[in-house]
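Data first, discussion second: the structure below is written as structure tokens.
Any value given below was found using the heavy atoms of this structure, including those in side chains, with hydrogens, waters and symmetry copies removed. Just so we're on the same page: letters track the sequence lines, and every chain starts at 1.
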2 protein chains.
Amino acid sequence: MKIGELAKRSGLTAYTIRYYERIGLLPRVSRGRSNQRDYDASILNWTEFLHRLKTTGMPIRGMLQYAKLRERGPASEMERCRLLEEHRDRVRAHVAELQSCLSVLDEKIAGYAAAHRMENGHDRTRNKPARRKAAAR
Amino acid sequence: MKIGELAKRSGLTAYTIRYYERIGLLPRVSRGRSNQRDYDASILNWTEFLHRLKTTGMPIRGMLQYAKLRERGPASEMERCRLLEEHRDRVRAHVAELQSCLSVLDEKIAGYAAAHRMENGHDRTRNKPARRKAAAR
DNA sequence: CCTTGACTTAGAGCGCACTCTAACCTGTAT
DNA sequence: ATACAGGTTAGAGTGCGCTCTAAGTCAAGG
């Protein structure tokens, strides 16, 4: 597989693939004739994994750390595991934070919706703007 | 409240507060004598809200859009609401993605843990190397 | 033969969101 | 009086993660 096809299949651009190779996130693979990179399909497992780390907010520094350990073979498994566990914990914390933000967002949206209903004269009950905790719609 | 205190209370730095003012995220408040910004405590509601938008991944461009609407008063409420709804939906989608990544991460970690148990001779049951889904090596 | 398109490299450029520097000013405490 | 802690400005610099440019090589098709 040449770089263009890997780009299509991995969702990275060829630019990014070369960049990742430069910095050590992707291996320096063997070249076919005319010096072109020749990737094995198994590289896709790695790019997918990297994609997940990235999606979950791991900085390149962290991925690099993991990649370096990986290159050192099975002896590094415990440390890799530790690294992933720490990352997972951070991600979990972040998800919790997002969910808390989401509920505030929902409240606020509900507030706007309520205001809008009043403006349109749907306010038969004349309460105070109603203490509507969460839940939109 | 002067800029230093707002910085402490909001969690932003004074640099960032001035930056936000420059770009229009924070209002140009009145100055006391000697030209120093004098903030009302109510600004904290706004900085907190901005913080939540930022935490949930809204780019400054988006916050700016919201801020501009806000300055136009109640007439913009419907549009603000729409903006928040769109953002909320993106955040929800992102959270879902994170959770899917988390489960993959958990699998992988479990794989490492299993490998580690075997290595330490806790493998009484001598099955095939166990279906180590993600594992690595 | 010649064009086309995919590849190669080193290195420059970009967009984002700050973060800091330099030079200056002001109010308060000793 | 003087030092010091804070504030002010315009504008430069930083770190991240790409993204692109320029100039060149190569293989296949018309």
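Across the protein-nucleic acid pair, A:Met58 atom CE and D:dG17 atom C1' stand 16 Å apart, rounded to whole Å. Put simply, NZ on B:Lys8 is 13 Å from P on D:dA5, counting in whole angstrom units. Note: OH (B:Tyr15) to C1' (D:dG15) measures 17 Å, nearest angstrom. Between the P atom of C:dT9 and the CZ atom of A:Arg28 lies a distance of 9 Å, rounded to the nearest Å. Taking atom CG of residue A:Leu50 and atom C1' of nucleotide D:dG17, one finds them 14 Å apart after rounding to whole Å. Look at CZ on A:Arg31: it is 13 Å from P on D:dC26, rounded to the nearest Å.
Atom-to-atom distance recorded for B:Arg37:CZ and B:Ile3:CD1 is 5.0 Å, nearest 0.5 angstrom.
Proximity of A:Tyr20 to the phosphate of D:dC18: a side-chain N or O atom is located under 4.0 Å from OP1 or OP2. Considering only side-chain N and O atoms, A:Arg61 lies under 4.0 angstrom from the phosphate OP1 or OP2 of D:dC16. Note on A:Arg18: a side-chain N or O is less than 4.0 Å away from OP1 or OP2 of C:dT8. Between B:Lys54 and C:dC18 there is a side-chain polar atom (N or O) within less than 4.0 angstrom of OP1 or OP2.
Within 4.0 Å (heavy atoms only), B:Arg33 reaches sugar-phosphate atoms of the nucleic acid but no base atom.
With distances taken from any side-chain atom of A:Ile3 to the nucleotides D:dT8, D:dG17, C:dC7, the minimum falls on C:dC7. Ranking C:dT19, C:dA6, C:dA17 by closeness to the A:Gln36 side chain, first place goes to C:dA6. With D:dC26, C:dT19, C:dT8 as the candidates, the nucleotide lying closest to the side chain of B:Tyr19 is C:dT19. Distance from the side chain of B:Arg37 is smallest for D:dT9 among the nucleotides D:dT9, C:dC20, D:dT21.
Taking each heavy atom of A:Ala67 and A:Leu25 in turn, the nearest pair found is CB-CD2, 4.2 Å.
A donor-acceptor pair shorter than 3.5 Å cannot be found between the side chains of B:Tyr66 and B:Arg80.
Nearest-nucleotide positions on DNA chain C for A:Ala14 and B:Met63 put A:Ala14 closer to the 5' end. When each of B:Arg22 and A:Arg22 is assigned the nucleotide of DNA chain C bearing its nearest heavy atom, the one mapping closer to the 5' terminus is A:Arg22. Looking at which nucleotide of DNA chain D each of A:Thr13 and A:Ser34 is closest to, the 5′-most match is held by A:Thr13.
Cation-pi geometry between A:Lys108 and B:Phe49 is satisfied (NZ or CZ under 6.0 Å from the ring centre, within 45° of the ring normal).
The pair A:Arg92-B:Asp106 meets the salt-bridge criterion, since a charged nitrogen lies less than 4.0 angstrom from a carboxylate oxygen.
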